[in-house]
Protein chains: 2
Amino acid sequence: MRGSGTTPDPAPDPASDLADRTRPAALARLLRREILTGVLPPGSAIKERDHADRLGVSRTPLREAVRILAQEGLVTLRPLRSPLVAQPALEEVLAEIAVLRRLELFSGELACANATPAEIKAIGALVAAIARDHAQGDRLDVFDLDMQMHRAIVAAGHNAALMRTHGEYLARLFRVRFLSARERADAARVLADHDAMLRALQTRDAALMDAAITAHFDGLERNITRLLGPASGPQADEGAAGDAGAAGG
Amino acid sequence: MRGSGTTPDPAPDPASDLADRTRPAALARLLRREILTGVLPPGSAIKERDHADRLGVSRTPLREAVRILAQEGLVTLRPLRSPLVAQPALEEVLAEIAVLRRLELFSGELACANATPAEIKAIGALVAAIARDHAQGDRLDVFDLDMQMHRAIVAAGHNAALMRTHGEYLARLFRVRFLSARERADAARVLADHDAMLRALQTRDAALMDAAITAHFDGLERNITRLLGPASGPQADEGAAGDAGAAGG
DNA sequence: GTGGCCGGAATGGTATACCATCCGTTCCGT
DNA sequence: ACGGAACGGATGGTATACCATTCCGGCCAC
């Protein structure tokens with residue numbers, strides 16, 4: 001394409017799937033990563049000129065990238081002022097988790113009703129992969145696979161709108177879910193939840209699915225409340241996610 | 001043709017307040033209106049140069065406006081090709097309605113738990129206003145008030161994320177909900193549903209709220225399936241919303 | 001000493017010129 | 001006569017110059 005470009009643009013990104021082709025999407029991915037890993041701390045300004053220059057692109061595509069991140073909730077736009085890296089309060093995060101919970105509960109119902117054998121099989125493979133990687137302590141892979149699994153369940157519901165909205169909430173809560181996934185205390189429960197979800201699909205047991213998802217989200221809310229609740233209100237947890245994610249760079 | 005002051009105005013941004021002032025937002029509102037009223041029919045291309053010239057702005061803000069509409073689902077973007085006015089299939093519309101139903105069910109639960117007396121009173125006023133206007137045959141006012149009421153219930157749940165996502169779905173389904181609202185056959189049921197919702201709030205009766213919302217959406221799905229199901233598929237219903245939308249206010 | 005006003009720098013918003021890609025058409029070759 | 005490759009127009013994507021607004025620092029008046 002453009003000879004001069006030489007954007008780093010490497011492959012491994014946990015968050016998004018279809019973003020490969022357009023430049024704003026690639027920039028959004030890059031910035032998203034920097035936000036989620038703490039390179040761009042919450043509350044910091046994203047000046048168009050600076051970052052466009054830094055990334056070797058013009059302001060136009062960078063601007064679009066910022067808009068994408070804004071709609072994902074990772075940055076907040078202010079008229080005539082620099083966009084800021086979002087700094088969601090615990091209350092707002094919990095509100096989003098509550099919605100995500102409902103979305104996944106709905107997905108679970110739909111999946112139990114509509115999932116094809118092939119989809120169930122694929123989800124089973126993901127569950128197995130998660131358990132395997134977890135045994136090896138590969139937290140990042142586990143996190144990625146976990147997200148894939150949840151996406152697969154939603155996809156198995158065969159509701160395009162639900163998939164889209166669910167994906168938005170996953171992106172929005174990426175950081176917070178990452179923080180929760182670092183907690184290994186409840187690993188056994190998480191794996192049990194996954195297993196229950198799989199069995200629910202196999203037996204078309206909507207009630208079991210509901211229970212498993214509920215347990216999963218109860219755990220997530222518990223972790224988040226503990227991690228963000230007491231100490232950190234505004235100034236989140238910088239170093240927390242920093243080392244783990246920064247590896248990609 | 002449209003009076004300047006009296007925009008029906010789907011107002012798809014319940015959460016973000018800053019939508020009024022910026023130029024792309026204003027352009028998006030304009031284009032949204034043209035799409036929903038059928039001036040820009042589904043499937044038609046939105047050429048940046050043409051519309052920018054027509055509206056007397058440059059391509060840059062118009063481009064942003066198109067992106068806004070794309071995220072609302074009213075237009076579909078294609079890489080390196082003109083954006084198209086979206087042409088959702090019945091299946092996709094039903095999928096979105098299914099999600100909206102879940103969002104409102106959740107809202108209903110939250111509202112029953114968290115609504116303040118003042119909020120309940122305001123919702124009661126809306127219910128009364130709807131009944132009154134309906135008796136006078138003022139369909140457009142009814143439609144607008146109905147949307148306000150649903151928004152108010154969601155707002156009474158005090159979950160900002162839910163309000164935002166709910167607003168997105170309302171905007172996305174604006175046209176289809178409008179079509180349904182034109183049907184007066186089930187008017188009595190609609191009014192009964194509203195009354196039941198209000199009573200549910202007043203008595204904090206989550207089960208009743210659930211039943212009322214379910215009935216409401218069953219009716220919506222029935223209407224939509226009947227209206228869009230047999231004949232129209234791809235080429236929707238142009239003239240339908242065209243003249244009616246003009247009067248709003 | 002303090003408060004208000006003014007001016008310049010910084011920065012997002014907009015306009016516009018240029019480039020890359022896609023599509024329809026045409027023209028050549030078989 | 002038909003098919004494919006090349007040309008040209010149309011159109012979205014990108015870069016960049018310019019404008020408007022905001023913020024901040026310093027100056028002046030009180």
Side-chain angles (χ1 to χ4, degrees), chain A residues 1-9 16 18-31 34-35 40-41 43-87, chain B residues 13 16-31 34-35 40-87:
Chain A
M1 318 230 168
R2 340 210 24 116
S4 60
T6 74
T7 48
D9 166 5
S16 58
L18 59 135
D20 292 86
R21 299 173 47 186
T22 103
R23 179 126 50 158
L27 291 171
R29 177 184 311 195
L30 217 62
L31 290 175
E34 294 185 342
I35 291 172
L40 297 176
S44 65
I46 300 181
K47 301 177 188 178
E48 291 184 0
R49 284 176 176 79
D50 291 0
H51 288 271
D53 189 50
R54 176 172 69 88
L55 300 174
V57 298
S58 96
R59 286 173 56 198
T60 314
L62 184 117
R63 197 180 162 76
E64 267 198 51
V66 170
R67 294 305 193 274
I68 292 173
L69 298 178
Q71 104 88 358
E72 289 177 4
L74 291 177
V75 308
T76 59
L77 300 176
R78 313 174 295 172
L80 298 175
R81 212 106 66 265
S82 295
L84 299 179
V85 176
Q87 201 169 352
Chain B
D13 279 294
S16 67
D17 312 297
L18 52 101
D20 294 85
R21 321 266 278 269
T22 100
R23 181 129 49 161
L27 291 172
R29 179 182 310 195
L30 216 61
L31 291 175
E34 294 185 341
I35 291 172
L40 297 176
S44 64
I46 300 182
K47 301 177 187 177
E48 291 185 359
R49 285 176 176 79
D50 290 1
H51 287 271
D53 188 50
R54 175 171 71 88
L55 300 175
V57 298
S58 95
R59 286 173 58 198
T60 313
L62 185 116
R63 195 180 163 77
E64 268 198 50
V66 169
R67 294 305 193 275
I68 293 173
L69 297 178
Q71 104 87 356
E72 290 177 4
L74 291 177
V75 307
T76 58
L77 300 176
R78 312 174 295 174
L80 298 175
R81 207 97 80 271
S82 295
L84 299 179
V85 176
Q87 199 169 354

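Chain A is the first sequence line, chain B the second, and so forth, proteins listed ahead of strands; every chain is numbered from 1.
- Donor-acceptor pairing under 3.5 Å, judged by distance alone, is absent between the side chain of B:Arg23 and the base of C:dG13.
- A:Asp53 has its CG atom 13 Å from the P atom of C:dT11, to the nearest Å.
- In summary, B:Glu64 and A:Arg63 engage in a salt bridge, as defined by a charged side-chain N under 4.0 Å from a carboxylate O.
- For the atom pair CG (A:Leu84) and OG1 (A:Thr76), the distance works out to 4.5 Å, reported to the nearest 0.5 Å.
- Computed from coordinates, the B:Arg78 CZ to D:dG12 P distance equals 9 Å when rounded to whole Å.
- Note on A:Glu34 versus A:Arg54: salt bridge recorded, some NZ/NE/NH1/NH2 to OD/OE distance being below 4.0 Å.
- Of the inter-residue distances, the one linking B:Leu55 atom CG with B:Leu31 atom CG reads 6.0 Å to the nearest 0.5 angstrom.
- Between the P atom of D:dG13 and the CZ atom of B:Arg59 lies a distance of 8 Å, rounded to the nearest Å.
- Among the protein residues, B:Leu77 comes within range of no part of the nucleic acid, since none of its heavy atoms lies under 4.0 Å from any strand.
- Residue A:Glu48 contributes atom CD, which lies 8 Å from atom C1' of C:dG13 at whole-angstrom precision.
- Between the side chain of B:Arg78 and the backbone N or O of B:Ser82, at least one donor-acceptor pair lies under 3.5 Å.
- Contact of the A:Ile46 side chain with the A:Val75 side chain is registered, since non-hydrogen atoms from C-beta on lie closer than 4.5 Å.
- Of the residues near DNA chain D, A:Arg49 and A:Leu80, the one whose nearest nucleotide (by heavy atom distance) lies more toward the 5' end is A:Arg49.
- At C:dA15, none of the side-chain N or O atoms of B:Thr60 fall inside 4.0 Å of OP1 or OP2 (strictly under the cut-off).
- The phosphate of D:dC23 (OP1 or OP2) has a side-chain N or O of A:Arg81 nearer than 4.0 angstrom.
- In this entry the distance linking NZ of A:Lys47 with P of D:dT22 reads 18 Å, nearest Å.
- An OP1 or OP2 oxygen of C:dT14 is reached within less than 4.0 angstrom by no side-chain nitrogen or oxygen of B:Ser58.
- Across residues 62-72 of chain A, A:Arg63, A:Arg67 each have a non-hydrogen atom less than 4.0 Å from an atom of DNA chain C (numbered order).
- Closest non-hydrogen pair, B:Ala65 versus B:Leu27, comes out as CB-CB, 3.7 Å.
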